[in-house]
Structure formats: structure tokens, C-alpha cells
Amino acid sequence: MAEALHPEAGEAISRLRSPFCPGLMLEVCPTREAEALRDSIQLGAAEGLSADSLVEWMIAGHGEEYRAWPKRSGAGLLAWVAPPLALLMGLAVVVVVLRRLMGRETGVAGSGGLSDEEQARLDEAMAELEAMEDMQ
């Protein structure tokens with residue numbers, strides 16, 4: 001039966017991607033290497049290391065790309081700020097474009113509609129269409 005994870009080890013493992021299984025988190029990677037890494041993290045937690053220390057230890061040995069969540073400081077802060085900022089900017093662009101389109105529509109409708117000549121041509125075309133429908 002598997003030993004229960006130390007809480008600090010469990011937290012650290014849940015914050016790391018596996019260097020041995022591309023695209024998988026460390027906690028679900030089935031390789032022996034991942035199991036050994038989880039055991040090392042468990043031993044570190046049992047010796048009193050915090051989850052943050054364990055994550056930094058693993059990142060130091062394998063690389064920053066295995067951090068599941070970017071840091072909330074330095075360059076990692078950009079990863080937390082950029083997506084919501086891009087979403088807000090996109091929403092602002094949509095609002096501006098829609099307002100301009102709505103302004104054009106009201107401008108055309110407010111210009112008085114069709115001239116007398118255009119209205120006469122439209123009436124004539126409608127009469128021809130009705131005559132053609134009556135023939136069928």
C-alpha cells in the first residue's frame with residue numbers, strides 16, 4: 001500500500017509538470033523516473049522543507065519549463081497579467097467597432113430615406129413583380 005504524501009510534498013508535486021512525461025503533471029506521470037522524483041520530494045518534505053522550497057529545488061534541477069504555474073513576481077507576473085489585459089483590450093475594441101457601426105446605420109436612416117425618383121422606381125419595380133406573380 002502506498003504511503004500517504006506529506007502535505008508539503010503533495011502541494012509541491014501538484015505545482016510541477018513532469019520532466020519525464022511531456023504534457024502531464026508530475027503527480028500523474030507513470031514512469032519510474034517520475035516515481036523516484038516524487039519520492040525525493042516526499043523525503044525533502046519529511047526533512048522539513050516547504051512546498052515552495054521543494055518546487056524551487058526541482059526547478060533548479062530540471063528547468064523552469066516544468067513549473068505548472070508561473071511565478072507571481074518578476075517575468076512570471078506578466079503571465080498572470082497579460083491574458084486578462086488582452087481580454088479587456090479586445091472587449092474595448094469590440095465595443096468601439098460596434099458603436100461605429102451603429103453610428104453609421106443611424107446616419108443612413110436619418111438622412112431622409114429614398115428620394116422621390118428612387119421611390120418611384122421602387123414602386124414601379126414592385127408593381128412589375130406583382131404583375132409577374134399574378135401571371136403564374
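- Heavy atoms only, all atoms of each residue included: Ser40 and Trp57 are closest at CB-CH2, 3.8 Å.
- Through direct or indirect side-chain contacts shorter than 4.5 Å among Ile, Leu, Val, Met, Phe, Trp and Tyr, Val94 is connected to Leu98.
- Hydrophobic cluster membership of Leu43, counting Ile, Leu, Val, Met, Phe, Trp and Tyr whose side-chain heavy atoms lie under 4.5 Å apart directly or via other members: none, as it forms a cluster of its own.
- Taking hydrophobic clusters as Ile, Leu, Val, Met, Phe, Trp and Tyr residues chained together by side-chain heavy-atom distances below 4.5 Å, Leu101 shares a cluster with Val93.
- With sequence neighbours left out, the salt bridge (Lys or Arg N to Asp or Glu O under 4.0 Å) criterion links Glu33 to no other residue.
- In terms of the salt bridge (Lys or Arg N to Asp or Glu O under 4.0 Å) criterion, residue partners of Arg67 (sequence neighbours excluded) are, by chain and number, Glu56, Glu64.
- Two different hydrophobic clusters hold Val55 and Met25 under the rule that ILVMFWY side chains link at heavy-atom gaps under 4.5 Å.
- Partners of Gln119 under the side-chain hydrogen bond (donor to acceptor under 3.5 Å, both in side chains) rule, at least two apart in sequence or in another chain, are Asp123.
- The number of heavy atoms from other shown groups lying within 6.0 Å of CD (Glu65) is above 12.
- For residues 16-31, the set of pairs meeting the side chain to side chain donor-acceptor pair (under 3.5 Å) definition, not counting sequence neighbours, is empty.
- Side-chain atoms of Glu118 come within 3.5 Å of backbone atoms of Ser115 as a donor-acceptor pair (strictly under, hydrogens ignored).
- Here the CD1 atom belonging to Ile13 is positioned 7.0 Å from the CZ atom belonging to Arg38, to the nearest 0.5 angstrom.
- Taking the side chain as every heavy atom from C-beta outward, Leu37 and Cys29 never approach each other to under 4.5 Å.
- Take Glu11 and apply the salt bridge (Lys or Arg N to Asp or Glu O under 4.0 Å) test, not counting sequence neighbours, and it matches Arg15.
- Pairs of residues two or more places apart, or lying in two chains, never qualify as ring-ring contact (aromatic ring centres under 6.0 Å, His included) while including a residue from residues 22-46.
- Separation of atoms CG (Leu26) and CD (Glu35) is listed at 11.0 Å; rounding is to 0.5 Å.
- Taking both residues in full, the closest heavy atoms of Met58 and Pro19 are given as CE-CD, 3.7 Å, listed atom of the first, atom of the second, then distance.
- Rounding to the nearest 0.5 angstrom, the gap separating the CD1 atom in Ile41 from the CG atom in Leu16 is 5.5 Å.
- Remark: side-chain polar atoms of Glu8 are paired, donor with acceptor, to backbone N or O of Ala51 under 3.5 angstrom.
- Ser50 pairs by the side-chain hydrogen bond (donor to acceptor under 3.5 Å, both in side chains) definition with Ser53, not counting sequence neighbours.
- Within the hydrophobic cluster formed by Ile, Leu, Val, Met, Phe, Trp and Tyr side chains joined at under 4.5 Å, directly or through other members, Met89 is accompanied by Leu85.
- The structure places NE2 of His6 at 9.0 Å from CG of Leu54, a figure rounded to the nearest 0.5 Å.
- Each ring-ring contact (aromatic ring centres under 6.0 Å, His included) pair with one or both residues in residues 16-36, not counting sequence neighbours, appears once here: Phe20-His62.
- Applying the ring-ring contact (aromatic ring centres under 6.0 Å, His included) rule to pairs touching residues 82-102 yields nothing, sequence neighbours excluded.
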